[in-house]
Amino acid sequence: VQLQASGGGSVQAGGSLSLSCAAAGFTFDEYTVGWFRQAPGKEREGLACFNNNDDTTYYVDSLKGRFTISSDSAKTTVYLQMNSLNPEDTAIYYCAADSAYYCGNYNGLQAFEPDYWGQGTLVTVSS
């Protein structure tokens, strides 16, 4: 059982990337999947999450309109579409899955305690 994050790479400012978080050995049906990132010298921050039990989403305010989180119908992969990237988005991006958490505007990702973490995928945005 593991999560496999992929899709990172290098892009110029203003470009887009789509990250994938694939479940191996299980499905996301009863999991909330969150995307996080950690930039050099900074703490890890939560970005967005997808509640697979009812297909609802949550985004941190600073990312609304640029990033979109979604899941495939088979509940095996959660995506993070990132548009209008800027150098401040440079970071290692991680996905994680929590079977006992529901994220929403009232709680965000603050109490997210995942059962599984992906290995991280590097996103580099050049100016």
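The structure displayed is predicted, hence computed values, not measured ones.
Of the inter-residue distances, the one linking Glu43 atom CD with Gln38 atom CD reads 8.0 Å to the nearest 0.5 angstrom. Separating the CZ atom in Phe67 from the OG atom in Ser84 is a distance of 9.5 Å, to the nearest 0.5 Å. Rounded to the nearest 0.5 Å, atoms CG (Asp98) and OH (Tyr31) are 9.0 Å apart. A distance of 9.5 Å separates CG of Asp29 from CG of Asn53, quoted to the nearest 0.5 Å. Once rounded to the nearest 0.5 Å, the distance linking OG1 of Thr77 with CG of Leu3 reads 10.5 Å. Note that OG1 of Thr56 is 3.5 Å distant from CG of Asn51, once rounded to the nearest 0.5 Å.
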For residues 117-127, which side-chain donor-acceptor pairs fall under 3.5 Å, sequence neighbours excluded?
residue	atom	partner	partner atom	Å
Gln119	OE1	Ala5	N	3.0
Gln119	NE2	Ala5	O	2.7
Thr121	OG1	Gly8	N	3.0

Under 3.5 Å, sequence neighbours excluded: what are the donor-acceptor pairs made by side chains of residues 13-24?
residue	atom	partner	partner atom	Å
Ser16	OG	Asn83	OD1	2.9

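Hydrophobic cluster membership differs between Tyr93 and Tyr79, with clusters built from Ile, Leu, Val, Met, Phe, Trp and Tyr side chains linked at under 4.5 angstrom. If you chain together hydrophobic residues whose side chains sit under 4.5 Å apart, Leu109 and Met82 never meet in one group. No chain of hydrophobic side-chain contacts below 4.5 Å, direct or via other Ile, Leu, Val, Met, Phe, Trp or Tyr residues, connects Leu47 to Ile92. Hydrophobic clustering (side-chain heavy atoms under 4.5 Å, transitive across Ile, Leu, Val, Met, Phe, Trp, Tyr) keeps Tyr94 apart from Val78.
Residues Tyr58 and Ile69 fail the side-chain proximity criterion, which asks for heavy atoms closer than 4.5 Å. At a threshold of 4.5 Å between non-hydrogen side-chain atoms, the residues Arg66 and Asn86 count as touching.
Environment of CD in Glu30: sparse, with no more than 12 heavy atoms of neighbouring residues, nucleotides or ligands closer than 6.0 Å.
The heavy-atom pair separating Gly46 from Val60 by the smallest distance is O-CG1, 3.2 Å. In terms of heavy-atom proximity, Ser99 sits nearest to Asp115 at N-OD2, 2.7 Å. Contact detail for Thr32 and Cys103: the closest heavy-atom pair is CG2-SG, 3.8 Å. Scanning both residues, Thr76 and Phe28, for their nearest heavy atoms gives O-CE1, 3.5 Å. Of all heavy-atom pairs between Tyr59 and Thr68, the closest is OH-CA, 3.3 Å. Here the closest non-hydrogen pair linking Tyr101 and Gln110 is OH-N, 3.8 Å.
Every residue meeting the side chain to side chain contact (heavy atoms under 4.5 Å, CB included) condition with Asp55, not counting sequence neighbours, appears here in chain and number order: Phe50, Lys75.
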